[in-house]
Amino acid sequence: FREQRDYERAQQLYQRALTIRRSQLRSQHPALAETLADLALLHQRQRQPGEALACYQQALAIRQRLYGQEHPKTSELRTRQLQLLQELSR
């Protein structure tokens, strides 16, 4: 749905997935971080920076605990978060 630019439907599905994963998985599970990262990117594309930043922060916290600061998955997410912050400062 994200590729089709049906952002509203994509957001509904990501929110549903997030709710399910939060209820079924431990709070530091990699799948939870992945869903949050995907939702953050979706919010960013919808020009919802506050929601995007909140999701990035949650996903980044999980990845930092799981993988450490220097892991590529952590670095990738930190880069996306910094890009969003740069967009906001323009």
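In what follows, every heavy atom counts, from backbone to side chain, and hydrogens, waters and symmetry copies are set aside.
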Atom of [X], atom of [Y] and distance for their closest heavy-atom approach:
X	Y	result
Ala52	Leu84	CB-CD2, 3.7 Å
Ala37	Arg80	O-NH1, 3.4 Å
Leu42	Ala10	CD2-C, 3.8 Å
Arg21	Leu32	CB-CD1, 4.3 Å
Arg63	Ala33	CG-CB, 4.0 Å

Is it the case that over 12 heavy atoms from other parts of the model lie below 6.0 angstrom from the CZ atom of Arg26?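 More than 12 within 6.0 Å, yes.
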[X] side chain vs [Y] backbone, donor-acceptor pair below 3.5 Å:
X	Y	answer
Arg65	Gln28	no
Thr19	Gln15	yes
Arg78	Lys73	no
Thr74	Gly68	yes

Consider only side-chain heavy atoms of I, L, V, M, F, W and Y, link residues closer than 4.5 Å, and tell whether Ile20 and Leu36 are in one cluster.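 Ile20 and Leu36: separate clusters.
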Among the clusters formed by ILVMFWY side chains lying less than 4.5 Å apart, do Leu25 and Ile62 turn up in the same one?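 Each belongs to a different hydrophobic cluster.
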Pair Gln44-Glu87, side-chain donor/acceptor within less than 3.5 Å: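 The answer is yes; a qualifying pair exists.
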Ignoring hydrogens and geometry beyond distance, is a side-chain donor-acceptor pair present between His43 and Gln48 at under 3.5 Å?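 Distance-only check passes for His43 and Gln48.
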Roughly how far, to the nearest 0.5 Å, is [atom2] of [Y] from [atom1] of [X]?
X	Y	atom1	atom2	result
Leu41	Cys55	CG	SG	10.5 Å
Leu77	Glu34	CG	CD	9.0 Å
Ser75	Leu82	OG	CG	10.5 Å

Given side chains that start at C-beta, do those of Asp38 and Thr35 come closer than 4.5 Å, heavy atoms only?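 They are not in contact (no side-chain heavy atoms under 4.5 Å apart), so the answer is no.
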Are the side chains of Pro72 and Tyr67 in contact, using a 4.5 Å heavy-atom criterion?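 Answer no - side chains too far apart.
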